[in-house]
Amino acid sequence: MPHDTPLISTIVGGLVLAFIFGAFAHRLRMPPLVGYLIAGVLVGPHTPGYVADQNLAPELAEIGVILLMFGVGLHFSLKDLLSVRGIAVPGAIVQIAFATLLGWGLGAFMGWPTGGSLVFGLALSVASTVVLLKALQERRLVETERGRIAVGWLIVEDLAMVLALVLIPAAASIGGEGHAPVEPLSAALSRLFGLDLGIGGMIAMTLVKVALFVALMLVFGRKLIPWTMHRIAHTGSRELFRLGVLAIALGVAFGAAKLFGVSLALGAFFAGMVLAESELSHRAAQESLPLRDAFAVLFFVSVGMLFDPNILIDKPLPILATIFIIVIGKSVAALLIVLAFKKPLSTALTISASLGQIGEFSFILAALGVEVGLLPEEGRDLILAGAIISIILNPLLFFLCDRMRPLLDGAKREDVAADPAPAADAIAAQEEMPPEDDEVHPTALRGHAILVGYGRVGSIVGQNLKSSATPFLVIEDSDKRIGELKAQGIETLAGNAVMRETLDLANLSGARSIAIAIPNAFEACRIAEQARSVNPSILIVARAHSDAEVDELRQYGADTVIMGEREIALGMVDRLAQVHHESVPYEDSHGPDTIAPTDDPPPERE
């Protein structure tokens, strides 16, 4: 057995340290990703002790980006993408131009050449895929209008950076400072026919290849990929299904990058998007989730490895200027752009907070700029420092935006109240104002039931509560289900019940019961624990999939835990008893094989 195993040591060292420092960060009420970044700094070359492989770590991190974008594609349909093109395309282009201009100004002030300053500005203009999606997923915003705009904005940024990766080597070669164009098809045409396409030709070639990839995915991929997954699902092998999901995500991403010059993240996104049209998309998302989380952690570790803490002492003022451009300049620009499109304030604040950081594309641009001789190494170090600090500050930016929104809304209402315009004009102006999307308000219910989740289980519980005239409300985070519930006249809170703020809006202290119908036992335990601490007398009913989950939920305060497999088994026993002990079968609305209640009391069940 060879003892020199850089791949294993990099994975083990990165994950173990990330777990330790992530747990510390969580204990200190900080985002776990802060701990992941610190773990990366500790295993990097700029600190004493163990040093992970700097070539392997970024490649492992790229797998996390691929799986993460694949998961987003599973929840982001083509209709959603087209629905936000009116704001995502012009908004992203204007924001990229503004941030690039600020970065160019800082580079010129520091005496860098024009090409290097532009590369620096471009690197500061594009947000991190992983950080943005993590932030949206933690807040259950991916499927909301705000989330769709943010993800669409991100896709436009990725497309712009794909184009930039072609232009940077071309610009360097024209200036005589770098290498020849690296676009494969252009290079092949130059070798075969002696054609010099120039920058315009290479841009056109890149756009043609991207368009060809998108067309192939929408025409053939949307039929082939779902058909393949259905065939695999019919084998009944969960192992093959999980392997098929990973093969499609990684295979399409890698093929898109090699054949069409599209980024790995963008290729994976389209693979997930075409699979989303299949009813197996939810199962595919579940199967890829564990690996997605693990490799996303390695992404943050790899970023931390690149950071040299000495730059904080050597270049404090340039670092502050870089952070100002990333966190303040980009965020304010995005806020004003979204408001200019007459979107709600909540949407503008979410987009601005989401884009107030930089990440993986920034590192790629910085490395390429240094390689072709345009960007000085000092610029790369500033980009890395700005990325890490902005990622750490991003949760704080979301917190500040959440606190600013009520103040800004209050100021807006005061302005309306102070306006001496006629009442009719004021009413008309209010009608023209777009409603605040995804806004939640405290319930007025008391002595009610709270239903967490409205999926296959929750919908049955909800319909029975409605038919029995029991006052209740639903906490749900799926935009589609929220719309359906509101159409039925059912009071609904949009949000994640794990968050204490959401439970407070549901008047947990005044409720008589809470039914936790979500399948995630970890989140269910957190909800049960908070419910019991706020309202000791509340009835807590939850669901589980194993005896261990039953015990854990009871430990955290659940009064009754229903395990689906046990209830299925008891139903089968009841049906068999009818045949073998001459019980009388009957028919109901669900068919002849369902069981009717008898006059005898039902047996006690857990």
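Expressed to the nearest 0.5 Å, how far CD of E62 lies from CG of L67 amounts to 10.5 Å. Distance CG/L355 to OG1/T350: 10.5 Å, rounded to 0.5 Å. The CD1 atom of I87 sits 12.5 Å away from the CZ atom of R148 when rounded to the nearest 0.5 Å. Atom-to-atom distance recorded for F270:CZ and I155:CD1 is 7.0 Å, nearest 0.5 angstrom. Going from atom CZ of R231 over to atom CG of L240 covers 13.0 Å, rounded to the nearest 0.5 Å. Note: Q463 CD to Q488 CD = 5.5 Å, rounded to the nearest 0.5 Å.
For the pair F98/I337, no side-chain contact is recorded, criterion being any heavy-atom separation below 4.5 Å from C-beta on. Annotation: side chain of F341 is in contact with side chain of P90 (closest heavy-atom distance under 4.5 Å). For the pair Y454/T492, no side-chain contact is recorded, criterion being any heavy-atom separation below 4.5 Å from C-beta on. At a threshold of 4.5 Å between non-hydrogen side-chain atoms, the residues L298 and L15 count as touching. When side chains are defined from C-beta on, T10 does not count as touching V43, because their heavy atoms never get closer than 4.5 Å. For the pair I66 and F295, the minimum side-chain heavy-atom distance is 4.5 Å or more. L122 places a side-chain heavy atom less than 4.5 Å from the side chain of I96. Between L349 and V338 the shortest side-chain heavy-atom distance does not fall below 4.5 Å.
Ring geometry, F213 versus F260: the interplanar angle falls from 30° to 60°, so the pair is classed tilted.
When every heavy atom of G103 is checked against every heavy atom of F120, the shortest pair comes out as O-CD2, 3.5 Å. Taking each heavy atom of G152 and A88 in turn, the nearest pair found is C-CB, 3.7 Å. Heavy atoms only, all atoms of each residue included: G267 and A256 are closest at CA-CB, 4.0 Å. Across every non-hydrogen atom of L124 and I358, the tightest pair is O-CG2, 3.5 Å. G356 and N394 make their closest contact through O-ND2, 3.8 Å (heavy atoms, listed as atom of the first residue, atom of the second, distance). Residue I351 comes nearest to I149 through the heavy atom pair CD1-CG2, 3.7 Å, listed as atom of the first residue, atom of the second, then distance.
Open room surrounds CZ on F254; 12 or fewer heavy atoms of other groups in view lie less than 6.0 Å from it. Other residues, nucleotides and ligands place no more than 12 heavy atoms under 6.0 Å from the CZ atom of F220.
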- Criterion side-chain contact (heavy atoms from CB on, under 4.5 Å) on L118 and T100, from CA distance to verdict: CA-CA 6 Å; L118 289 175; T100 302; 4.2 Å; yes
- Go through the steps for V245 and F70 under the test side-chain contact (heavy atoms from CB on, under 4.5 Å), then give the verdict. CA-CA 10 Å; V245 171; F70 178 73; 3.6 Å; yes
- Test log, rule side-chain contact (heavy atoms from CB on, under 4.5 Å), inputs V274 and V252: CA-CA 11 Å; V274 297; V252 171; over 6 Å; no
- Query: Does the pair I388 and L384 meet the rule for a side-chain contact (heavy atoms from CB on, under 4.5 Å), with working shown?
  - Reply: CA-CA 6 Å; I388 291 178; L384 293 176; 5.5 Å; no
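Counting only distance, with no hydrogens or angles, the side chain of E157 and the backbone of A127 share a donor-acceptor pair below 3.5 Å. Remark: the backbone N or O of A123 is paired with a side-chain donor or acceptor of S362 at under 3.5 angstrom. Checking side-chain atoms of K330 against main-chain N and O of Q357 turns up a donor-acceptor pair under 3.5 Å. Counting only distance, with no hydrogens or angles, the side chain of R380 and the backbone of A366 share no donor-acceptor pair below 3.5 Å.
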